Structure formats: C-alpha cells, structure tokens
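Scroll down for the structure; my scribbles are underneath it.
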Amino acid sequence: MVEVSILPQVRDFMNRLNGQFINGKTVVSQQDEVITITNPATDEVIAHVATATSGDIDYAVDSAHRAFHGGWANVSPAQRGLLLNRLADLMIAHREELAQIETLTSGKLITLSRAFEVDYAVSFLRYYAGWTTRIEGKTVALSLPSANGEKYTGLTLREPLGVVAGIVPWNFSIMIAVWKFGSALACGCTAVIKPSEVTPLTMLRVAELVIEAGIPPGVLNVVNGPGQQVGHALTTHPKIAKVTFTGGMETGAIIGTAALQSGFKRVTLELGGKNAAGFLPDVSPEKTVEGIIEAGFLNSGQVCASAERYYVHRSLINNVAEQLGKRLATLTPGDPMDDESRFGPLANRSHFNKVIGYFTRARDQNLTFIHGGGAFDLPGCYIQPTAVLARSENDELMRQEVFGPVASLLAYDSVDELVTLMNDSPYGLAASLWTNNLSQALRLIPRVEAGTVWVNMHNYIDPAMPFGGTKGSGIGREFGSAFIDHFTEIKSVIMRY
Ligand code: NAD
C-alpha cells in the first residue's frame, strides 16, 4: 500500500464553503441550499457547496457576456493561445492538488485522476491553444453575371458564437469541462460551466487558476446546482448562444429541445453509449479476455465510450467466460487514495443503487453470472467487477447503459450476424473490432454504426481525432478541427465595386 497524504491546501479548499466562481471571484450568495459532498470510498461527508441562485446565474452569464464583447474580444488569437497554455502550465503545477480533490469527491483512483483529469485535460487544452491562430475564413469567387460591369468580391468570416454554457457529467469533471471551455475560449467565446451536482468542486479550483493564468475575469465562470434548476436556467438563458452538453441520452433530449425552443441556440450533445466490442474467431480467448478488461473496466466502467456488449464466437464463448471469471477475481477493491489500487468504487450512492438494481433484475431473469453481481462487503460504493452470459440481444443488460464495471457476453455464429448485433442499439458512440485479419477489419469498419471504431483496442481518445456519437449518442463532434465549426458562425460578406 502506498497511501497518499492529503495536501494541506486540499484540506483548506474542502473545508471552506464553496459556491460559484463568477467574474474572477468566489461567490456564495446563499447558505441554505447546500450540496453535501460525500466521499464515495468511505461514505464520509467531506465538503459543502452552496448552489447558485437565479441572481448568481444572471451574474455569471452577464459577466461572460461582458467579457465576450470586452476583455476577451480585445485579446489577440495568439495571446489567447498563450493564456490557455499558461493555464495548462498551472494545472500541471497544481497536478497533485487537483487530482486529490477529484479523487476525494468522485472515488476515481488517484492514478487515474492524475492521468485523465490533469495530464490528458492539459493535452486537450494545449491542442485547443494551438488552433487559436488558425481559425480562418475564405475568399470566394462569385458567379452571378454583372449587368453594368460592376464587380463583386465575396469572403467569409468565422466569428465566435458568444457565451457558451457547458453542462458536464460527474465521470470526468475536469477533462470534460476542458473539452467545453477549451474549445469555446480558443474560438473567442466565453463560457459558463455547470459541473455535475455530485462533483462540483474541482472546476472551482481550475477557475481560480484561470485567473492566475491571466485570463480576464468573466471569460470562464462556474455555477453549481441541480440540473433541472441551474442547468435548465442556463440552457434557456437569453444571453447564452450555445449549449454544449455531455451526459445521459434522456437529459440530452431535454436540453436539446429547451435550447432550440429558447431562441434556436446552437447545441452539441455528447450522450451515452451501449458500446459493442466484436471479437472475431481468430482472436485467442486470452487476448479476448484482456480486450474485455481494457474495453469495460477502466474507471470501474464509468467511461462513456466503454464497451458493455461483447460478442464472442459461439465456438469460444465458454472458454472466454471461464477465463474472464478468473481474471475478474484478480480485480480486488482498493482505496482510491492509494497509489497501488487498481479497482475503485463507483462515484456516488445513487449510481451504486442503480447498478445494483440491474443485477437484481438480471438475477430475476435468470441470466448466468460469470463473476460478481453484487457489492463488496465494504463501506463506500464498491461494486464487484461483473460479467454475465446474456440470453439474447433483448436482455436489459444488452440494451440499457449501465455505466459500471459490467460486461455482458453474447454468442454469435457468422460475421453478418455479428454486424447486425453490434448495430442493434439506439446508441452509436463507439465500438471496437478485434481481429488479426486486417482486410476483414477494413471491410467491417464502414458497416459498424458508431462515431468511433477502434481496431484491437478500446477507449483511446486523442485531441486530434473528432469524437462524438451517431444515432442516440448525440449531435456534433468534439476535438480535431471539427470543434471550430461548432463554436463559430460563418458570416458571408459581399462587396460591390
Ligand atoms: P446526466 O445526464 O444525469 O447529467 C449531466 C449534467 O446535466 C449534470 O451536470 C446535470 O446536473 C445536468 N442536467 C440534468 N438535467 C438537466 C436539465 N434538465 N437541464 C440542464 N442540465 C441538466 O448525466 P450523468 O449521470 O452526470 O453522467 C452520466 C452520463 O453521461 C452517462 O449516460 C454517460 O454515458 C454520459 N457521458 C457521455 C460522454 C460522451 O462524451 N459522450 C462522456 C461522459 C459521460
């Protein structure tokens, strides 16, 4: 065991009453409506955060609106990139502090908090910073005839949209927020971020670093509180130009509808998945088992792109199931604040209860548990790593997103059946194909309905690769140059001379 000592600055930060971060300062307007934060590894209350009042929300949006037309509009693209890189430097300088706040709040292993919430988040931020000087319009050759010898010149400008509301889930509270505000700020927009009500802390600390980096007050604001009040008020606020949301499919439908109905706001929706991994028969059972562990058990399965449906050839499935059960038995639970832990708790009690509910119903439906299927006998939200043999593609565990450490296996007989089964879902976020036969993989990729298809790997996302869902997994793409289209508007200019 290598238990990490909690830094004094982390204790101080958790002990004070936090609330919102608006116009460069901490704001706590009311103390009667407070979010109580419980460490999911221990069930201990560790912090309190005041929720935003409607006045706070107006103040945050107004500050962002003023900064959009003032402080941020006057910062050159190159300077914007420099400031985002300075923030990245500061996040690295405060790496351990940010990682500890995140781990204590969300139960994420400290090693994962360092890697994803700081190092990966910083890679994304630097990627966005690199685009600030490359956002360009075009000159256009015009075609209509000129009656009296007059000439026309056409050009397009790419203009930032305005104030962006970024609504964020609890599974990666810094990294996903960076996807939102990094893209927004790089394009010249300003932002109001609403973290999940169960992980409201870490972005407040990042917002303080934004000011330390020299980014003007009001450019990035953070408001906290329940989605149906604070999130809804942001989504429908008249001065918000765009909503970028990551979260569940049902919430995405509500937010998308509300954003359109309140002034046709622009919307990006990154929603859930019920992602499939298809193993072709040339892959050994040993490699299949390691593939399932890679695809399904990172961050205890609380990754939107994780696989939850696994298709294995009928001739191999019993062998794979037996070896998978043994492998899952080695995933023993550990304290997330221990450097050597490899399997942590779920992020909160309500999610824990939801996952246990899936197990209960799967038992009632007589599904075969290969391993797990319950909670560990420990304080905290520890769920056993679980695998089941599904009976058909209609089982609840083959259709509903669990968002936990649960792999459901189903046998297939032919490659055509494999493709049909993989596509049999309202979701289409990500999928993986596992085979040693490259031409087989290349033929199958176009047939798989998903925004990302991995070959012999899963869960790898990179700032340079567009990421987003097809079908019910969302609208729009983050990362790659694709983000520029979603945070800017094209203005056409035509001149006669
Ligand atoms: P959620 O949809 O319950 O909540 C996400 C955010 O939306 C929270 O901040 C919440 O307060 C807010 N919200 C809820 N109702 C709202 C409303 N009516 N108006 C405005 N805001 C509202 O999701 P969650 O439980 O926090 O996260 C888990 C889900 O997120 C899973 O479905 C997962 O697949 C998805 N997810 C997707 C991606 C992706 O990139 N596609 C990444 C991570 C998580």
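The shown structure was predicted, so the numbers you read here are calculated from the model rather than taken from an experiment. One-based numbering, in listed order, for ligands and for the atoms of each.
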Side chain, backbone, both or neither: the part of Phe172 lying under 4.0 Å from ligand 1 by heavy atom: neither
When you look at CE of Met457, are more than 12 heavy atoms from neighbouring residues, nucleotides or ligands closer to it than 6.0 Å?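 Buried by this count: over 12 neighbours within 6.0 Å.
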Give a yes or no on whether Glu250 atom CD has more than 12 heavy-atom contacts from other residues, nucleotides or ligands under 6.0 Å away.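 For Glu250, atom CD is not crowded (no more than 12 foreign heavy atoms under 6.0 Å).
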Quick test of your reading of the structure: of Ile255, Thr251, Leu429, whose heavy atom lies closest to atom 2 (O) of ligand 1?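 It is Thr251 that holds the nearest heavy atom.
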Considering only heavy atoms, which of Phe403, Tyr427, Trp179, Phe467 lies nearest to atom 28 (C) of ligand 1?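 Residue with the shortest heavy-atom distance to the ligand atom: Phe403.
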Is NZ or CZ of Arg361 both nearer than 6.0 Å to the six-membered ring centre of Tyr358 and within 45° of the ring axis? yes
If you have a sec, work out which protein heavy atom is nearest [atom] and how many Å separate them, to one decimal?
| atom | value |
| --- | --- |
| atom 10 (C) of ligand 1 | Glu197 OE1, 3.5 Å |
| atom 41 (N) of ligand 1 | Leu271 O, 2.6 Å |
| atom 40 (O) of ligand 1 | Cys304 SG, 3.4 Å |

Measure the acute angle between the ring planes of His65 and His69, then classify it against the limits of 30° and 60° as parallel, tilted or perpendicular.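 Perpendicular.
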Any protein heavy atom under 4.0 Å from atom 18 (N) of ligand 1?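 Given the 4.0 Å limit, the answer for atom 18 (N) of ligand 1 is yes, a protein heavy atom qualifies.
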Among all residues two or more places apart in sequence or in another chain, which pass the ring-ring contact (aromatic ring centres under 6.0 Å, His included) test with Phe467? Phe479
